[in-house]
Amino acid sequence: MRKRNRREFLSASGLGLAGLFGSRSLSAAVQAATSPYRRPKLKITDVRTAEVRVHGGQVHVRVYTDQGIFGQGEATDAATGAVPLIRSFKPFLIGQDPLNVDYVFESLRTRGIFAGAQAGQYVTALSGVEIALWDLAGKALGLPVYQLLGGKVRDRIRVYCDMSTETPLNEEGQKRIQEVKDLHFTAAKTDIDDYSDPARFDKVNWTASNTEIDHMVEKVAFVRKSFDPKIDVAVDMHGRYDMTTGKRVAKEIEPFKLLWLEEPVPPENVDAMRDVRESTTTPIACGENLYLRHGFRELLEKRAADIIEPDLQKCGGLLEGRKIADMAHTYYVPVAPHCVVSPIGMMASCHACAAVPNFLILEWHWISSLALWRNFVKEGEIIENGFIPVPDRPGIGVEMNEEAARKAQVPGTPWFEPTREG
Ligand code: MG
């Protein structure tokens with residue numbers, strides 16, 4: 001007698017769901033209802049945006065579903081032009097299951113390969129959507145986002161304050177240093193590049209003169225001695241200068257034992273960044289202008305940076321940030337995400353940072369807009385003495401206070417109003 005295979009046996013014995021109920025759709029419904037983790041079946045129904053201008057421009061994204069819940073995300077820096085891009089994602093997004101975050105992300109990314117999806121505005125627009133999907137997934141499943149990104153390895157996220165000042169040497173700069181101390185941050189960053197330095201001989205060429213370099217070193221020395229030695233100090237050159245300047249500055253500031261020197265040369269030539277790094281003991285950080293894992297691959301392979309700084313509201317979102325961090329981990333490179341956004345994007349970044357073993361420190365850039373920062377979400381101030389406790393609430397764990405947020409709305413732009421455009 002011929003042996004029955006497994007499917008035939010189940011069918012004949014009446015144990016197969018299809019056999020049991022005699023209907024494929026009923027079988028599927030039963031399977032869905034008995035899903036061990038009660039996975040809700042959601043469909044995306046709409047995607048809407050709102051634009052604010054605080055430190056640069058931010059685009060807030062909301063992804064709506066057929067069951068009344070929505071997710072919120074935020075994109076920044078390269079977000080100029082993100083709104084029409086997000087609108088262009090809509091025909092694909094409508095009807096998708098929002099819990100398949102990586103499928104949606106990868107589908108939109110690969111659909112855009114002839115539209116610039118390798119970097120820049122396309123990826124930034126996608127980042128805002130990706131973050132909204134994680135918030136949505138967390139809310140739908142009743143879990144904080146960090147739980148969906150692998151679980152947390154820490155309960156609070158160390159934050160550094162970007163001092164957001166032209167120079168620490170003037171009165172305003174010194175007031176700012178005092179503010180940073182009063183807020184009990186454990187690390188601070190200052191800019192040392194200066195487009196308007198009177199010692200510049202040429203307004204186009206970026207080879208710093210001896211006096212310009214002296215000015216940069218003077219700023220570093222002043223900030224370093226203004227803080228207790230236990231407070232870390234980082235400095236930024238904003239990827240403006242040439243190789244000779246980058247190397248000279250990195251060498252001259254070695255005695256100050258900085259947390260890092262950021263973008264001493266432009267980021268697009270990885271070999272140049274590596275040459276600066278190899279010339280100095282000052283740790284070199286970069287990455288805020290790189291996109292996706294692909295953008296970080298060469299940087300890591302060539303050992304061009306001591307610390308990487310992906311901007312999660314720009315480089316691909318939370319899971320892409322985790323993937324970038326995991327790549328860096330194999331090179332023993334820590335991750336210090338660049339971050340210039342509202343408490344919504346900041347808290348979203350915190351969930352990724354909570355899940356990443358090689359996380360170092362997260363940027364905070366709203367000290368110049370403290371009142372708005374403290375009212376932007378219903379939860380109020382989220383930073384406690386230089387750390388953000390990671391919330392256990394479902395999703396990102398903060399909700400926009402619309403009345404406060406609208407104070408920074410870009411005039412003439414929609415505020416989550418529905419649009420007809422596909
Ligand atoms: Mg920077």
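First listed ligand is number 1; within each ligand, the first listed atom is number 1. These values consider heavy atoms only, across backbone and side chains, with no hydrogens, waters or symmetry-generated copies. Starting from 1, each residue takes its place in the sequence as its number.
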- prompt: Pick from Phe227, Trp260, Phe387: which one makes a ring-ring contact (aromatic ring centres under 6.0 Å, His included) with Tyr160?
  reply: Trp260

- prompt: Which residue pairs pass the salt bridge (charged side-chain N to carboxylate O under 4.0 Å, His left out) test when at least one of the two sits in residues 402-413, sequence neighbours left out?
  reply: Arg62-Glu402

task: Please determine if Lys323 and Asp326 form a salt bridge, counting it only when a charged side-chain N lies under 4.0 Å from a carboxylate O.
output: no

- request: Tell me the protein N, O or S atoms under 2.8 Å from the Mg ion (ligand 1), in chain and number order.
  value: Asp236 OD2, Glu262 OE2, Glu288 OE1

Sequence neighbours excluded and cut-off under 3.5 Å, please list the side-chain donor-acceptor pairs for residues 126-140, or say none.
from, atom 1, to, atom 2, distance (Å)
Ser127, OG, Val123, O, 2.7
Ser127, OG, Lys314, O, 3.3
Ser127, OG, Gly316, N, 2.8
Glu130, OE1, Leu318, N, 2.8
Glu130, OE2, Trp134, NE1, 2.8
Glu130, OE2, Leu318, N, 3.4
Glu130, OE2, Leu319, N, 3.0
Asp135, OD1, Ile396, N, 2.7
Asp135, OD2, Gln72, N, 2.9
Asp135, OD2, Lys139, NZ, 2.8
Lys139, NZ, Phe70, O, 3.1
Lys139, NZ, Glu399, OE2, 3.1

message: So that I know where these two stand, are Phe222 and Phe256 an aromatic pair - ring centroids less than 6.0 Å apart?
response: no

query: Does Phe376 have any ring-ring contact (aromatic ring centres under 6.0 Å, His included) partners at least two apart in sequence or in another chain, and if so, which?
result: His60, Trp366

